[in-house]
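The chains referred to below are lettered A, B, ... by the order of the sequence lines, with proteins before strands, and numbering in each begins at 1. What you are looking at is a predicted structure, and each value in this text was computed from that prediction instead of being measured.
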Amino acid sequence: MEYNFREIEQKWQSTWVKSKAYQVKNNTDKPKYYVLDMFPYPSGAGLHVGHPLGYIASDIVSRFKRLKGFNVLHPMGYDAFGLPAEQYAIEHGVHPAKSTAQNIDNFRKQLDNIGFCYDWEREVRTCDASYYKWTQWIFLQLFNSFYNRQLQKAAPVTDLIQSFEANGNADHICPGDNSIRFTAAEWKAYSEKEQQDILMQYRLAFCGYGEVNWCEALGTVLANDEVVNGVSERGGHPVVKKKLRQWYLRITEYADRLLSGLDTIEFSEAMKEMQTNWIGKSSGAEISFELSAKSHEQPTGSQPAAQSSKLIVYTTRPDTIFGVDFMVVAPEHELIEKITTPEQKEAVDAYITYVKSRSDRERQAEKKITGCFTGAYAINPFDGREIPVWISEYVLAGYGTGAIMAVPCGDERDFRFAQHFNIPITNIIGDAYDGTDANPTKDAILSNSGFLDGMKMRDAIELVINKLEEMGIGKRKVNYKMRDAAFSRQRYWGEPFPILWRNGIAYPLDESQLPLELPNVESYSPGPEGEGPLSNIPEWTHQFGDKGVLETNTMPGYAGSSWYFLRYMDPHNDNTFCNRKVSDYWNQVDLYIGGTEHAVGHLLYSRMWTKALYDLGHIGFDEPFRKLLNQGMIQGSSRFVYRKKGTQTFISVGLVNKEEVDQLHVDVNIVDGVELDIEAFKKWRNGEYANAEFILEEGKYICGVEVEKMSKSKFNTVNPDTLVEKFGADTFRMYEMFLGPVDQSKPWDTKGIEGVHRFLKKMWRLFFDENKGQVWTNDAPTAEELKVLHRTIKKIEDDTERFSFNTAVSSFMICVNELSDLKCHKKEILESLLILLTPYAPHIAEELWQQLGNSGSILDASYPVFNAAHVTETSKEYPISINGKMRTNITIALDATEDQVKELVLANELVQKWMEGKPLKKLIFVKGKMINIVI
RNA sequence: GCCCUGGUGGUGGAACUGGUAGACACGCAGGACUUAAAAUCCUGUUCGCCGAAAAAGCGAGUGCGGGUUCGAUUCCCGCCUGGGGCACCA
């Protein structure tokens with residue numbers, strides 16, 4: 001009886017479906033464990049061997065935890081809304097709903113091949129109305145909430161209104177525009193529109209105006225990478241910066257909690273670092289500078305407002321205030337118009353026109369030093385110096401106050417700017433500044449710095465801030481790089497916003513009106529003026545009659561994926577997004593597996609949504625993912641053939657002269673290792689190379705090799721279906737794991753898969769012989785056999801627990817090799833081994849389990865318990881080193897005392913030889929490890 | 001430029017808290033079984049030296065150069081290099 005993996009795998013896969021083996025219940029006494037794969041987007045390209053890596057790892061952990069007695073939630077579903085599907089639809093004339101459904105079917109078939117233990121009854125698709133009903137519902141929760149900074153949590157807008165009615169907005173500074181101030185009486189006197197406009201500035205999901213790339217000719221908004229040199233990538237039409245109405249999430253209010261929350265979760269340092277950098281918290285001071293009399297020489301007519309005659313800058317280094325040699329404001333700064341002197345007006349206008357002509361991309365690509373003097377001066381509050389105010393594009397309007405105080409001796413950019421425009425540089429750090437480079441140190445001693453002279457810079461920071469606050473011209477200030485997240489797309493294939501517009505006011509739909517369904521239409525061309533395609537469907541937008549017109553933007557891809565892990569817990573609930581008792585049971589995702597590409601997108605948004613839902617009392621935890629495991633990328637190992645220029649002659653790699661050939665990618669699937677299958681090559685690409693001739697090395701055509709990203713265009717993708725067909729799912733699963741540490745990137749090489757396949761066959765032969773049939777017996781195991789088993793139990797358990805799947809596979813091989821050497825065919829040993837193997841190779845394990853005469857499924861067996869008694873040794877073959885060099889081995893009883901060891905070792909002939917009669921200086925004896933003789 | 005990661009045989013990798021570097025595989029070479037092939041099994045396989053060969057032995061060796069230690073792939077300092085991320089954030 002031989003190992004017929006095709007039959008076995010098919011049999012058990014259908015048996016497990018019939019017996020609902022993977023169905024997960026929400027109510028059990030067992031402890032829970034939640035393993036989740038990152039939500040896949042079902043693209044039309046299908047899976048290559050890189051995709052299932054994480055799925056196999058999570059599947060192993062799920063099955064392992066189940067055997068360990070946990071109730072394991074391990075679901076799968078589809079992040080199905082999004083741009084690519086719509087793009088595909090426009091280009092191929094297939095409705096996105098249809099192409100998405102097809103892609104999902106295909107995806108599912110490929111997954112099923114590999115034998116995953118997903119509970120498919122819990123599948124979710126973000127594009128199903130039954131799912132996005134709750135995405136819309138959560139959006140309404142965010143819309144109806146604000147961030148109460150006093151309580152550091154989200155709270156209902158109704159609380160805010162109460163507070164406004166009692167105290168105006170004194171208790172709640174407006175996050176959208178902190179200059180907004182009103183009293184209770186003023187609030188009550190506002191019109192509904194005025195009130196709603198103010199509330200919008202507080203809401204966690206809000207509508208505002210933001211700059212986008214608008215292309216009039218195409219009638220659409222373009223992403224940054226669709227704009228090249230100020231024109232559209234497709235068609236070359238002009239693109240302008242335009243302020244358009246957009247929805248946003250006020251994620252900036254959560255910046256501090258997103259930061260501190262990182263301490264409570266197990267993400268890799270790299271991942272935490274990326275999020276920390278993205279949030280970009282910095283603390284410093286806002287300082288208000290008076291503008292000098294000179295700057296009041298205004299062009300006739302406009303009188304500067306009292307407030308705007310001050311320049312407010314943000315700095316993290318208030319200690320350097322005596323080193324300020326100039327000010328720089330962003331080109332968009334509102335003060336420019338007011339402070340520019342008549343003499344400079346022309347130059348400033350020209351400069352601003354120039355800046356406006358440049359795209360973000362250009363600004364970032366060529367870091368030219370550009371700028372223009374406004375003619376105005378600010379006054380240093382401490383020494384009264386007049387400081388020229390410049391404009392430059394290196395200062396960003398969106399960060400801090402859009403204005404900086406420039407300290408060229410301490411800041412590289414300020415230094416280069418000063419040099420470029422010949423602005424004199426004040427040195428406030430003595431020898432620490434060498435005149436050729438700025439020095440950003442905080443440890444230098446200050447000089448030329450008035451009352452700060454002689455102080456260490458680090459210590460001066462606090463002192464200056466306190467002084468500024470005392471004088472009423474500055475205040476402590478924390479800033480973040482992170483911006484509020486744009487939450488609308490001018491697209492069709494996404495969740496519609498449950499919002500009605502009437503008289504310029506956004507009215508939320510009532511919960512009972514959800515889901516607001518996406519209309520099924522044939523055309524998705526963009527609407528006018530940056531509106532989404534939905535604006536072309538008046539019968540949809542006006543379906544609520546007098547109540548208002550529906551919002552025509554749709555939500556972005558990350559809306560549905562920000563909360564999907566909650567829906568899996570309670571996927572069919574029509575009354576709520578997820579029953580609270582159920583989410584209390586499943587709680588956080590214990591293990592989340594996916595790539596690093598979502599470091600600052602999905603992983604930040606879902607953390608924010610979780611915190612908001614927690615604040616509002618809908619769930620009981622405020623971090624979604626307790627532990628994150630990043631799988632490495634599987635790279636492609638490309639193969640090349642070399643065609644002599646202008647011919648159909650292909651030269652084997654060893655004979656190639658680089659100048660005379662074109663290097664061409666060849667499909668890795670027609671190459672065995674590095675040897676090209678010439679016949680297959682002639683048939684490849686519909687016979688394009690049918691007439692090719694070859695110059696061979698030793699009768700073989702050898703291909704060139706390079707490690708690259710795995711992609712169709714490089715012909716280096718390998719389809720898992722092919723491998724499963726050839727070797728079986730169990731082999732495929734184990735080989736993916738055997739390749740190397742799951743979190744490291746490594747190139748794929750199909751060649752090695754045979755080793756894993758051989759291992760499974762070898763294990764099979766412990767049970768069945770091709771000729772003799774059954775060879776397993778009920779004999780009692782020997783001590784030696786038990787030792788092999790229990791060593792393996794310990795190793796596999798430890799390795800699986802710490803996600804070291806590659807070493808676990810090795811340990812299985814070692815175990816089977818040793819049992820084969822021992823000719824061990826004993827049921828008692830083999831049965832335990834099968835349970836250990838179940839998470840890795842479930843089909844063969846189940847088949848042999850049944851063959852051994854067990855009635856229940858091995859999926860529910862209980863994990864073997866390690867017994868140290870079976871592996872204890874009485875003696876050890878110690879490595880003996882002389883001066884750290886290993887010279888020989890001596891077997892010594894483990895309970896020997898140090899004196900006994902010393903005596904034994906020194907008496908050894910080889911040791912004597914190496915000691916060359918020199919006296920023993922020291923003997924290092926590490927019990928159970930090694931012995932080192934120092935002479 | 002900054003941050004994170006890695007660098008070990010022909011290849012993928014192992015060595016978990018400093019203690020016999022190269023486990024386990026792939027590949028390669030030789031052999032057994034077979035009319036033959038497949039499958040399977042056995043032996044060898046870091047490099048160099050010594051040797052006709054085998055055995056044994058010696059020396060070097062974990063990107064490079066230093067250091068700490070009885071002992072370093074592992075810890076420290078300085079470089080080189082592959083991959084990923086961020087990039088005018090004041």
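Among the atoms of the strands shown, base atoms are found under 4.0 Å from some heavy atom of A:Lys481. If you check every strand for non-hydrogen atoms under 4.0 Å, A:Ser811 touches nothing. In this structure, A:Asn479 reaches neither bases nor backbone, as no heavy-atom distance under 4.0 Å exists between it and the strands shown. Using a 4.0 Å heavy-atom distance criterion, A:Lys761 is classed as a sugar-phosphate-only contact.
Along RNA chain B, the nucleotide nearest to A:Asn806 and the one nearest to A:Met633 differ in position, and the one closer to the 5' end is contacted by A:Asn806.
Between B:rG59 and B:rC50, the distance separating the two P atoms is 15 Å to the nearest Å.
Nucleotide B:rA36 forms a pair with no other nucleotide shown, judged by Watson-Crick or G-U wobble geometry with both contacts under 3.5 Å. Remark: B:rU45 base-pairs with B:rG27. Criterion, Watson-Crick or G-U wobble with two distances under 3.5 Å. In this structure, B:rG1 forms a base pair with B:rC86, meeting either the Watson-Crick or the G-U wobble geometry with both donor-acceptor distances under 3.5 Å. Partner assigned to B:rA53 is none, using Watson-Crick or G-U wobble distances below 3.5 angstrom. Nucleotide B:rG9 forms no Watson-Crick or G-U wobble pair with any nucleotide shown, as no partner meets the under 3.5 Å limit on both distances.
One finds no side-chain N or O of A:Asn277 lying less than 4.0 angstrom from the OP1 or OP2 phosphate oxygen of B:rC4. Side-chain nitrogen and oxygen atoms of A:Thr596 include none within less than 4.0 Å of the OP1 or OP2 phosphate oxygen of B:rG85. Phosphate proximity of B:rC41 to A:Arg758: absent, as no side-chain N or O sits under 4.0 Å from OP1 or OP2.
Checking side-chain atoms of A:Asn380 against main-chain N and O of A:Ile321 turns up a donor-acceptor pair under 3.5 Å. Listed for the A:Ser745 side chain is a donor-acceptor partner under 3.5 Å among the backbone atoms of A:Met633.
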